[in-house]
Protein chains: 2
Amino acid sequence: MRRPTLEAVAARAGVSRATASRVVNGQTTVAPHIRDAVLRAIDELGYVPNSAARSLVTQRTDSVALVVSEPGTRVFSEDPLFSTAIRSALVELEAINKQVVLMLASSPKSHARVERYISGGHVDGVMLLSMHGADPLPSALSRLRVPVVSYGRPAVPVDIPFVDNDNVGGAEAGVRHLVETGRRRIATIAGPQDMIAGQDRLAGYRNVLRDSDRRSIVAVGDFTRESGAIAMRQLLGDDPALDAVFVANDLMAVGALQSLRQAGRRVPDDVAVVGFDDIEAAKYTEPPLTTLRHPMAEQAAAMVRLLLNLFEGGPTDPIILPTELVVRESA
Amino acid sequence: MRRPTLEAVAARAGVSRATASRVVNGQTTVAPHIRDAVLRAIDELGYVPNSAARSLVTQRTDSVALVVSEPGTRVFSEDPLFSTAIRSALVELEAINKQVVLMLASSPKSHARVERYISGGHVDGVMLLSMHGADPLPSALSRLRVPVVSYGRPAVPVDIPFVDNDNVGGAEAGVRHLVETGRRRIATIAGPQDMIAGQDRLAGYRNVLRDSDRRSIVAVGDFTRESGAIAMRQLLGDDPALDAVFVANDLMAVGALQSLRQAGRRVPDDVAVVGFDDIEAAKYTEPPLTTLRHPMAEQAAAMVRLLLNLFEGGPTDPIILPTELVVRESA
DNA sequence: CTCTCGTGAGAGAGCGCTCTCTCATCACCC
DNA sequence: GGGTGATGAGAGAGCGCTCTCTCACGAGAG
């Protein structure tokens, strides 16, 4: 009991396969009464085109790969960045009838898998959610002559269109807020330095401290809550008198708040805290977190548009989305 | 400049296309020296099989659809349930070389899209992350004669293999813990009653209250933090003397904790709180949350195995995974 | 009334692969 | 030495579709 073919539809409608194909593909060179007959046959038979056959001849697949290159299970599952970006990209792509193949590229083995798959012509394009600098994927894929776009600026200089948020400017705004509210000893919990977001947000912090003649106090985390808690303890050891901390993402800020609480510090009275990303959880910390809104969904949507432009020859200049300071109670 | 075909490989290796195909597909009936010649040709040409051509003849696609049926943007992005389950399923499927097509089925329009796609034979099977009872998808897909499995028991009685966690037993264990620690007025913030998880966890709560001769105090949320906060305020209005609350998921518990704080209630001194799921964030609330561990990743992995069994004729009985009480400081 | 041109429909090749069928070859045994 | 069977390799059909090429037909022009 196999699915009806175009042949069957054509036979039922009393036309040739070519004509049936014309109707299916919406060509206008078909007389109305014939078109109706074909459509009726399609309906009656429950015909659905075989995509393998179609893409065999058209050389298109109408699907794109979304490659997520994040080794850490915890980060992937816990950081709303990924789910938000994936969901937004999905919605955008479904709107233009493209399928999304989701792939993980965490180990060298899976890298090979991804490369093989992509070069197998299964997809018309690739969207890369790759955060790590050492990641060989951006350059590998750009060599494959497949349209590739990136969510976030690739850490290695490679000619791939990308969309990023203004990490440096956002960090500057956050730290400037601390300076302007009279904080003197402003520490930071930086993100991983093999990620652009980690590097740029630290750069922003340094820029403002330099200009405002303050000493930088740095601990490094890996964007997880736990690393934020550990880094905060370390900072309190390094400089017990610190009165503010700029944390490179909200997840780490959550951990930092816990460490501050355990150390008996009041927030914001003793120590002001500014996060980054404005995830939903930031509204529910004690106290609610002052942070920088990172437009993750918009970023993903813009990435999809960039990929489309790559297909259709539109502009593919990098896009940098602005961030916005959201002042709550922690600073 | 198109990709090399099997024909080209065969020509270069000096064999027929059929023999080259045998080598590619790992058949053993090829003499070693010929196999080597073919492999060398493949390597030199950088040959990658054309999957469209292959699945056109084999009628297989080596890919499965992962259909996420969750209308709420916020829930999808914020609840680690989705990202954890998706990631785990992805890892399991990549291990057996299956591709994953991720699809959203939130609106009636996208339902039609999904159905059309599935019935188009693009995928060998479907995994359903559908939580809502009114969801027409499970029955629609089961009619399509495509292998389907479900993450979570489908809300409508439909003959689909599924994996779930022990919602009732978990809720009972959580509430029993509250009873055993001497709480008298135990309220609950239930999940949406059109979801099995919402229904079953409420049922578990009711079971224990009934047996321990306590009155039930119920508010209903929708599994978001915000709804938890609202429900908690409502409960405090309904019964200011309540001394415990069982919250149907951790996200809502986070919101509830905030409302309790704002109402000046100390946790656990005045009000004990038990959540459900044991998400990472549960360790970072103030105070850390006592909750029930819901093995989301294992559940997804088991679902993948179930789908495999469906392909290969193994057992496809429903699987119920146990939950475990994790006692922290909130109760 | 013939010629040209536009329009709508059919014929048929071919996308790249798998797989059955067929055949050649060789070892083995009586 | 001829028959038998196992083994390895090739020929070729065909998966379901698109798309070019061709052609039939009718309208309009000369």
Side-chain angles (χ1 to χ4, degrees), chain A residues 1-42 45-63 99 116-117 119-124, chain B residues 1-42 45-63 97 116-117 119-124:
Chain A
M1 192 69 170
R2 58 175 46 198
R3 292 162 40 209
T5 69
L6 194 58
E7 190 79 54
V9 171
R12 187 177 189 102
V15 300
S16 75
R17 201 175 56 243
T19 302
S21 175
R22 287 190 184 94
V23 173
V24 169
N25 292 293
Q27 289 191 32
T28 49
T29 63
V30 181
H33 70 279
I34 296 211
R35 139 176 282 110
D36 287 346
V38 173
L39 289 177
R40 208 174 322 119
I42 287 174
L45 295 174
Y47 170 75
V48 182
N50 179 317
S51 57
R54 175 178 281 172
S55 67
L56 180 58
V57 32
T58 59
Q59 308 278 16
R60 284 181 298 99
T61 63
D62 284 328
S63 63
Q99 253 39 253
R116 205 168 346 106
Y117 185 74
S119 63
H122 297 71
V123 292
D124 299 339
Chain B
M1 192 68 171
R2 57 177 44 196
R3 292 163 41 209
T5 68
L6 194 58
E7 190 79 55
V9 171
R12 187 177 189 103
V15 299
S16 73
R17 201 176 57 242
T19 303
S21 174
R22 282 192 261 267
V23 173
V24 170
N25 292 292
Q27 288 192 33
T28 49
T29 63
V30 180
H33 72 280
I34 295 209
R35 138 175 282 109
D36 287 347
V38 173
L39 289 176
R40 208 174 321 116
I42 287 174
L45 295 175
Y47 170 76
V48 183
N50 179 318
S51 57
R54 175 177 281 172
S55 65
L56 180 58
V57 34
T58 59
Q59 309 278 15
R60 282 182 299 101
T61 62
D62 284 330
S63 64
N97 252 297
R116 205 166 348 105
Y117 184 76
S119 63
H122 298 71
V123 292
D124 299 340

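Per chain, numbering begins at 1; letters A, B, ... match sequence-line order. None of the values given here were measured: they were computed from a predicted structure.
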OP1 or OP2 of [N] less than 4.0 angstrom from a side-chain nitrogen or oxygen of [X], does that happen here?
X	N	value
B/Ser16	D/dA11	no
A/Thr19	C/dG10	yes
A/Asn25	D/dT18	yes

Testing the basics here: between [X] and [Y], what is the closest heavy-atom pair and its distance to 0.1 Å?
X	Y	answer
A/Leu45	A/Pro4	O-CG, 3.4 Å
A/Leu56	B/Ala52	N-CB, 3.9 Å
B/Asp124	B/Asp62	OD2-N, 2.8 Å

**Report entry** Criterion side chain to side chain contact (heavy atoms under 4.5 Å, CB included) against B/Tyr47, the qualifying member of B/Val38, B/Leu39, B/Val24
**Finding:**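 Filter result, single survivor: B/Val24.
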Rounded to whole Å, how long is the line connecting atom [atom1] of [X] with atom [atom2] of [N]?
X	N	atom1	atom2	answer
B/Ile34	C/dT25	CD1	P	14 Å
A/Arg60	D/dG16	CZ	P	20 Å
B/Glu7	C/dG16	CD	P	10 Å
A/Asn50	D/dG14	CG	P	18 Å
A/Arg54	C/dG16	CZ	P	18 Å
A/Leu56	C/dT18	CG	P	12 Å
B/Leu6	D/dG12	CG	C1'	15 Å

Query raised in the report: Counting any heavy atom closer than 4.0 Å, what does A/Val24 reach on the DNA or RNA strands: base, sugar-phosphate only, or nothing?
Result: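 Since no nucleic acid heavy atom lies under 4.0 Å of A/Val24, the category is nothing.
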Requested in this report: Give A/Ala18 one of three labels, base, sugar-phosphate or nothing, depending on what nucleic acid heavy atoms sit under 4.0 Å from its own.
Outcome: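 Base, at least one base atom sits under 4.0 Å.
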Requested in this report: Nearest-nucleotide wise, let me know which of A/Gly14 and A/Gln59 is further upstream toward the 5' end of DNA chain C.
Outcome: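 The answer here is A/Gly14.
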Report task. For the side chain of A/Thr5, starting at C-beta, report the closest nucleotide among C/dC17, C/dA9, D/dC17. Result ->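 Looking only at heavy atoms from C-beta outward on A/Thr5, the closest nucleotide is D/dC17.
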Query raised in the report: Is B/Arg17 reaching over with its side chain to a backbone N or O of B/Leu6, donor-acceptor style, under 3.5 angstrom?
Result: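 Not a single qualifying donor-acceptor pair exists.
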Query raised in the report: Any donor-acceptor pair under 3.5 Å joining the side chain of A/Arg22 to the base of C/dG10?
Result: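 Yes, a donor-acceptor pair under 3.5 Å.
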Query raised in the report: Going by modelled atom types, is there a donor-acceptor pair between the base of D/dT18 and the side chain of A/Arg17 at under 3.5 Å?
Result: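 Per atom types, the contact qualifies.
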